[in-house]
Enquirer: 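Sharing a structure here in structure tokens format.
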Amino acid sequence: MTIREFKMPDVGEGLTEAEILKWYVQPGDTVEDGQIVCEVETAKAAVELPIPFDGTVHELLFPEGTTVDVGQVIISVNVGGGAAPEAPAAPAAVAAPEPVAAPAPAAEPVAEGRQPVLVGYGVAASSTKRRARKAAPTAVAPAAPVVVPEQLNGHAPAGPRPLAKPPVRKLAKDLGVDLASVTPTGPDGIITREDVHRAAAPAPAPVVEAPAPVAAPAPVAAPAVATAVASDARETRVPIKGVRKATAAAMVGSAFTAPHVTEFVTFDITRTMKLVEELKADKDMAGLRVNPLLLIAKAVLVAVKRNPEINAAWDEAAQEIVLKHYVNLGIAAATPRGLIVPNIKDAHAQTLPQLSKSLSELVATAREGKTTPAAMQGGTFTITNVGVFGVDTGTPILNPGESAILAVGAIKLQPWVHKGKVKPRQVTTLALSFDHRLVDGELGSKFLADIAAILEQPKRLITWA
């Protein structure tokens with residue numbers, strides 16, 4: 001019998017621990033390479049972990065509800081041909097009342113090398129205290145150079161795409177391996193499954209011959225942590241952890257790091273609402289979701305093109321302003337695990353039908369609890385729609401790493417002066433918060449005024465595009 005051990009991987013690009021939410025296997029079960037064995041939760045997302053080899057489950061080292069450090073062995077598997085001794089039963093998680101929402105379904109792990117920006121209003125890279133990593137540190141990519149502002153005309157040149165078959169690409173995605181960092185050994189430079197496994201575990205996994213059964217103390221597992229603990233009939237205490245903990249730290253870090261300024265504009269959005277109804281009946285938009293948020297998002301992208309300096313980031317370490325010539329458009333979404341902000345990659349390059357499809361997929365995935373950490377990283381501008389709750393407006397807090405965020409208020413029928421007469425019109429209020437280190441009053445005002453002007457006269461979506 002040969003035993004291999006599977007350690008808790010770094011599924012959050014730098015986070016040092018994760019909580020085991022659920023085991024999908026038990027001792028004695030047969031597992032295959034790439035099979036999901038458990039679901040864990042980090043400060044970023046719930047993630048399903050695949051096992052990187054075949055065999056029979058020998059032992060589960062921690063019960064559900066335990067927080068485990070990255071690098072600790074969580075499951076051992078018999079990969080040899082001999083019969084395994086009777087495996088100890090999996091430790092049972094401590095039952096507890098669940099007055100709050102259960103964790104959402106899992107998301108997929110992502111490739112390394114991304115900055116840990118997340119949720120609600122994002123996770124700042126420095127907002128979470130971390131213990132020193134035991135593994136060798138991953139090389140840090142150099143900071144992006146300052147570039148000259150220009151109109152958004154397309155994508156930046158990309159390097160050659162690594163050669164790999166679809167099953168190998170899926171395996172790399174499941175194991176969190178960046179194919180660009182893998183050295184291919186297959187014919188014609190094709191990356192094989194063995195190459196991916198080698199990159200996922202640079203050091204050979206420990207292989208030990210199991211000794212004769214000897215009574216040994218079981219690993220000490222931390223007690224399972226209840227999602228909510230009711231102290232008495234008058235109070236309920238909920239542990240601050242996971243997404244909520246990361247969100248709170250990020251909001252505090254953002255509010256007290258970036259000097260916020262918020263401006264407001266109230267305007268007549270009646271023509272945009274009429275256009276929404278016309279687009280719903282348009283055959284080119286058949287089967288697509290058309291709503292005011294779609295046209296507001298498009299208006300933001302046009303306004304960014306007219307005011308490219310709004311799409312920037314402050315690099316404190318390098319003392320540089322990084323102007324970005326692409327827009328990864330974040331949309332705040334309420335989920336059972338809390339408020340998260342996944343983003344649409346390269347939204348500036350999408351047509352209106354493409355943007356509609358991207359928005360629908362983003363919201364549906366978020367509500368199902370399947371948003372991946374990759375989808376919540378790299379955002380450049382965020383929209384939060386508080387109007388869906390009937391709220392007129394608010395003062396949103398920036399996502400760390402972004403220079404501006406737009407809050408969309410409720411659209412209401414109100415008396416409004418139109419063509420010299422008071423008439424009932426559809427009216428709304430937008431609020432733009434921005435980092436005053438990057439965005440001065442003139443730039444912020446012009447950008448917000450452009451969005452309002454487009455939505456007042458939506459034909460500008462064409463004339464200003």
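The analysis underlying the following values was restricted to heavy atoms, covering all of them including side chains, and did not include hydrogens, waters or symmetry mates. Numbers here are sequence positions counted from 1.
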Enquirer: So how far is it from Trp23 CH2 to Glu64 CD, rounded to the nearest 0.5 Å?
Expert: 9.0 Å

Enquirer: Going from CG on Leu352 to CG on Leu294, what distance comes out if it is rounded to the nearest 0.5 angstrom?
Expert: 4.5 Å

Enquirer: At their closest point, which heavy atom of Gly401 faces which heavy atom of Lys324, and how far apart are they?
Expert: O-NZ, 4.2 Å

Enquirer: If you compare all heavy atoms of Ile74 against all heavy atoms of Cys38, which two are closest, and at what distance to 0.1 Å?
Expert: CD1-SG, 4.2 Å

Enquirer: To the nearest 0.5 Å, what is the distance between CD (Gln72) and NZ (Lys7)?
Expert: 10.5 Å

Enquirer: Check for a donor-acceptor pair, side chain of Glu402 on one end and backbone N or O of Ala313 on the other, with a separation under 3.5 Å.
Expert: no

Enquirer: Please walk me through it: do Ser358 and Gln350 pass side chain to side chain donor-acceptor pair (under 3.5 Å)?
Expert: CA-CA 9 Å; Ser358 296; Gln350 296 192 3; 2.9 Å; yes

Enquirer: Mind listing the closest non-hydrogen atom pair of Glu17 and Val70 along with its distance?
Expert: N-CG2, 3.8 Å

Enquirer: Just so I know, are the side chains of His260 and Leu398 near enough to count as touching, which here means a heavy-atom distance under 4.5 Å?
Expert: yes

Enquirer: Quick one: are Gln377 and Pro373 in side-chain contact, heavy atoms under 4.5 Å?
Expert: yes

Enquirer: Please determine which of Thr384, Val300, Thr382 meets the side chain to side chain contact (heavy atoms under 4.5 Å, CB included) test together with Leu406.
Expert: Val300

Enquirer: Given side chain to side chain contact (heavy atoms under 4.5 Å, CB included), test Ile344 with Asn328 step by step and report yes or no.
Expert: CA-CA 5 Å; Ile344 300 171; Asn328 290 346; over 6 Å; no

Enquirer: With no hydrogens and no angle check, is any side-chain donor or acceptor of Asn78 less than 3.5 Å from a backbone partner on Thr56?
Expert: no

Enquirer: Is there a donor-acceptor contact under 3.5 Å from the side chain of Asn399 to the main chain of Gly379?
Expert: no

Enquirer: Thr365 and Thr371: side-chain donor and acceptor closer than 3.5 Å?
Expert: no

Enquirer: Under the side chain to side chain contact (heavy atoms under 4.5 Å, CB included) criterion, do Ile310 and Leu438 qualify, and how do the steps go?
Expert: CA-CA 8 Å; Ile310 200 80; Leu438 290 157; over 6 Å; no

Enquirer: Could you give the distance from NZ (Lys298) to OG1 (Thr351), rounded to the nearest 0.5 Å?
Expert: 7.0 Å

Enquirer: Would you confirm whether His348, through its side chain, and Val327, through its main-chain N or O, come within 3.5 Å as a donor-acceptor pair?
Expert: yes

Enquirer: Between Asp195 and Thr192, do the side chains contain a donor N or O and an acceptor N or O under 3.5 Å apart?
Expert: yes

Enquirer: Do you see a donor-acceptor pair shorter than 3.5 Å between the side chains of Asn311 and Thr380?
Expert: yes

Enquirer: Is there a donor-acceptor pair under 3.5 Å between the side chain of His58 and the backbone N or O of Ile3?
Expert: no

Enquirer: Ignoring hydrogens and angles, tell me if any N or O in the side chain of Asp392 forms a donor-acceptor pair with the backbone of Gly409 under 3.5 Å.
Expert: no

Enquirer: Once you round to the nearest 0.5 Å, how far does CG of Leu432 lie from OG1 of Thr395?
Expert: 12.0 Å

Enquirer: Grab the two heavy atoms, one from Thr428 and one from Ala410, that are nearest each other, plus how far apart they are.
Expert: OG1-O, 3.2 Å

Enquirer: Does the Trp314 side chain pair with the main chain of Gln319, one donor and one acceptor, at a distance under 3.5 Å?
Expert: no

Enquirer: Any chance you could lay out the side chain to side chain contact (heavy atoms under 4.5 Å, CB included) test for Val68 and Phe62, step after step, and finish with the verdict?
Expert: CA-CA 8 Å; Val68 181; Phe62 295 94; 3.8 Å; yes

Enquirer: Between Ile383 and Ala297, what is the shortest heavy-atom contact and its length?
Expert: CD1-CA, 3.8 Å

Enquirer: Using atom types as modelled and distance alone, determine if a side-chain donor or acceptor of Thr429 lies under 3.5 Å from a backbone N or O of Thr393.
Expert: no

Enquirer: Is it the case that over 12 heavy atoms from other parts of the model lie below 6.0 angstrom from the NZ atom of Lys22?
Expert: no

Enquirer: Can you see which heavy atom on Met285 is nearest to which on Pro353, and at what distance?
Expert: SD-CG, 3.7 Å

Enquirer: Could you check whether Phe434 and Phe381 have their ring centres less than 6.0 Å apart?
Expert: no

Enquirer: Strictly distance-based, threshold 3.5 Å: is any side-chain N or O of Asp346 a donor or acceptor partner for the main-chain N or O of Ala349?
Expert: no

Enquirer: With side chains defined as the heavy atoms from C-beta onward, is the minimum distance between Val31 and Val37 less than 4.5 Å?
Expert: yes

Enquirer: Would you say the side-chain atoms of Ser356 pair up with the backbone N or O of Arg289, donor to acceptor, closer than 3.5 Å?
Expert: yes

Enquirer: Measuring only between side-chain heavy atoms, which start at C-beta, is Ile190 closer than 4.5 Å to Pro184?
Expert: no

